[in-house]
Asker: 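This is the structure I have questions about; it appears just below.
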Protein chains: 2
Amino acid sequence: MFDTAFPAENARSHLAPAALRIVDAVLDALSDRNLPAGGKLGEELLARLFETSRTTVRQALQHLRFLGIVDIEPNRGASIARPTARMAADLYAARRAIEAQTVADAARYCTANDMRTMLAHIERQDAAATAKNRRELVRLRGEFHLVIAEIGGNAVLCHLLSQILPRCALIRALADPQPFTKRQIDEHRTLAQLIARGDAKKAIALMQSHLQINERQLGFSGDDQARVNNVDVWLGAYARPQAAKRQA
Amino acid sequence: MFDTAFPAENARSHLAPAALRIVDAVLDALSDRNLPAGGKLGEELLARLFETSRTTVRQALQHLRFLGIVDIEPNRGASIARPTARMAADLYAARRAIEAQTVADAARYCTANDMRTMLAHIERQDAAATAKNRRELVRLRGEFHLVIAEIGGNAVLCHLLSQILPRCALIRALADPQPFTKRQIDEHRTLAQLIARGDAKKAIALMQSHLQINERQLGFSGDDQARVNNVDVWLGAYARPQAAKRQA
DNA sequence: CGCCGCCACTTTGTATACAATAGCGTCTTT
DNA sequence: AAAGACGCTATTGTATACAAAGTGGCGGCG
């Protein structure tokens, strides 16, 4: 479905396959809520886990830093970002600003084929929700917003959105108590219809409320430090490609 | 003026000093319009020019790729991005979406001290314009928008803006025929006043027109391939820190 | 004479080795 | 016994060496 023209893939295309595996492993672990906030990501350790060199690991860490998933302090190394409530609010405010535009563009330029793409994607969301495949569902929910941005056709907005979506996923993994809900998929479906109809005004309004509802679900009460902090424990399962594939 | 809290600096803080020098050299060359679009940036060459290793060069190139200043093709290396008219339109559309929000936030949260910061910054813009210091003026014009975003207080929007501003600078360096104009600084001054007054509505409107005027000035008529393509020629002057300092 | 294939060279990608820095424990001194 | 300073260890930062891939030129063949 997503060929080389897909902006999110485009942004990753330059990465070495090995580095990409590490990035995906971290993102997968994030979707599964197996991320210890503030957990340290030693280069040597990752190199051993993924059977590659530190050079490649550093590539991956740089990319994750760019996505806001890890913090890198000079001479201190990388650790999982510890997003604050303020950061979450900023992030969602930014999303509202960006996605208001992507939705408007999508409503303007949506073709019949685009509508089919959206519906097919929503089908996959439904399937993932039915199968209670949390990781896939988290991935698809974010990806759907990218699909809309792609229909809008603004490559820059696509790129920006693909950057901040993983951070939203991180925040939700740490602070969202409600994993499975069909309502969001229903909102996606309604959104798709409004876009296909070209009703930009209503589509924007729905997107805004859709995002605000998501944001309000966040609660920063949970003490994230309570999670496992042994990175090799929680990342170990994601290191081997076959292990990751098997779960998916 | 800008301490560690400044988002743009924050995003660069992790880079090695040597890598930062390379990034700044490219950005300076860009401000001076000494950038051959599509020009190849060989790693070995840069390593020799900046008297460092290819490891550091690669770091800098990765960062420039993040900023959209260079394209990196696998096994082909890095080259200066060749932005299209479409890309420019997308970029400015994204800026309008983002800066509408930053201006609104700034108008809401602007303090007396923030106003002084803006005015002081505008003073520097005036000084650079009077001194016909093109590089400094280009830098300050972009930075002013970041100052506004900083006043707004949304770190994510600051970060996103700091990412796309260099690309705007690249596009203007390649396609903007009008280097020196005081009108933009006047607009900045008016914008500052509206923000300080808390008039979000008018401030947003002015920002939109400000950006649209800038965008309309762009003309993609010039054949950029006509420029020098010998990277060592145009970057040589920026390689040595003292050389760059001397011009500034 | 033109085109196709092969070989050499150039350039990038990856891994490893070395250097520098921060954190931490211990030892000494007051 | 407590506090400070020194040195050790663990981890990151940087450079170099080796491997792989791509590009261009040369020679043979049609």
Side-chain angles (χ1 to χ4, degrees), chain A residues 4 10-26 36 38-66 69-81 225 229-233 235 239 241, chain B residues 4 9-26 36 38-66 69-81 229-233 235 239 241:
Chain A
T4 54
N10 202 355
R12 299 161 44 143
S13 62
H14 71 103
L15 279 164
L20 204 74
R21 264 178 41 222
I22 300 176
V23 171
D24 284 338
V26 171
K40 186 126 196 294
L41 294 166
E43 296 180 357
E44 193 86 29
L45 173 65
L46 289 175
R48 251 180 300 139
L49 275 174
F50 291 89
E51 292 173 349
T52 181
S53 70
R54 278 180 50 215
T55 309
T56 306
V57 170
R58 287 173 75 87
Q59 253 192 63
L61 288 176
Q62 287 292 319
H63 192 82
L64 288 169
R65 184 195 66 82
F66 191 67
I69 301 297
V70 306
D71 287 336
I72 297 183
E73 290 170 288
N75 288 316
R76 298 287 306 279
S79 53
I80 305 291
Q225 269 67 17
N229 259 349
N230 293 24
V231 170
D232 53 343
V233 172
L235 244 188
Chain B
T4 52
E9 290 304 316
N10 203 356
R12 298 161 44 142
S13 63
H14 71 103
L15 278 164
L20 205 74
R21 263 179 41 222
I22 300 176
V23 171
D24 284 338
V26 172
K40 187 129 194 295
L41 294 166
E43 296 180 358
E44 193 84 28
L45 173 66
L46 289 176
R48 251 180 301 140
L49 275 174
F50 291 89
E51 293 172 349
T52 182
S53 69
R54 277 181 51 217
T55 309
T56 306
V57 170
R58 286 172 76 87
Q59 254 192 62
L61 289 176
Q62 287 293 319
H63 191 82
L64 288 169
R65 189 192 66 81
F66 284 147
I69 301 298
V70 307
D71 287 334
I72 297 183
E73 290 170 288
N75 290 315
R76 298 285 308 278
S79 52
I80 304 291
N229 261 349
N230 292 25
V231 170
D232 53 342
V233 171
L235 245 187

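Basis for what follows: all heavy atoms, side chains included, without hydrogens, waters or symmetry-related copies. Proteins come first, then strands; the chains are lettered A, B, ... in the order of their sequence lines, and each starts at number 1.
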Asker: The criterion is side-chain contact (heavy atoms from CB on, under 4.5 Å); which residues satisfy it with A:Ala60, sequence neighbours excluded?
Answerer: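 Scan of A:Ala60 (side-chain contact (heavy atoms from CB on, under 4.5 Å), adjacent residues dropped) gives A:Ala19, A:Ile22, A:Val23.
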Asker: For nucleotides 10-14 of chain D, give me every protein contact, N/O to N/O, under 3.5 Å, one pair per line with atom names.
Answerer:
unit_1 : atom_1 : unit_2  : atom_2 : d
D:dT12 : OP1    : A:Lys40 : NZ     : 3.3
D:dT12 : OP2    : A:Glu43 : N      : 3.4
D:dG13 : OP1    : A:Asn75 : N      : 3.3
D:dG13 : OP2    : A:Arg58 : NH1    : 2.8
D:dG13 : OP2    : A:Arg58 : NH2    : 3.2
D:dG13 : N7     : A:Arg54 : NH2    : 2.8
D:dG13 : O6     : A:Arg54 : NH1    : 3.2

Asker: Can you name the residues that form a side-chain hydrogen bond (donor to acceptor under 3.5 Å, both in side chains) with B:Gln62, not counting sequence neighbours?
Answerer: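 If we apply the side-chain hydrogen bond (donor to acceptor under 3.5 Å, both in side chains) test to B:Gln62, skipping adjacent residues, there are no hits.
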Asker: Decide yes or no for B:Gln59 and B:His63: does some side-chain heavy atom of the first lie under 4.5 Å from some side-chain heavy atom of the second?
Answerer: no
Asker: Of all residues at least two apart in sequence or in a different chain, which pass the side-chain hydrogen bond (donor to acceptor under 3.5 Å, both in side chains) check with B:Thr55?
Answerer: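 For B:Thr55 there are no side-chain hydrogen bond (donor to acceptor under 3.5 Å, both in side chains) partners, ignoring immediate neighbours.
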Asker: Using the side-chain hydrogen bond (donor to acceptor under 3.5 Å, both in side chains) criterion, which residues pair with B:Ser79? Sequence neighbours excluded.
Answerer: none
Asker: Output the rounded distance in Å from CZ (A:Arg48) to C1' (C:dT16).
Answerer: 16 Å
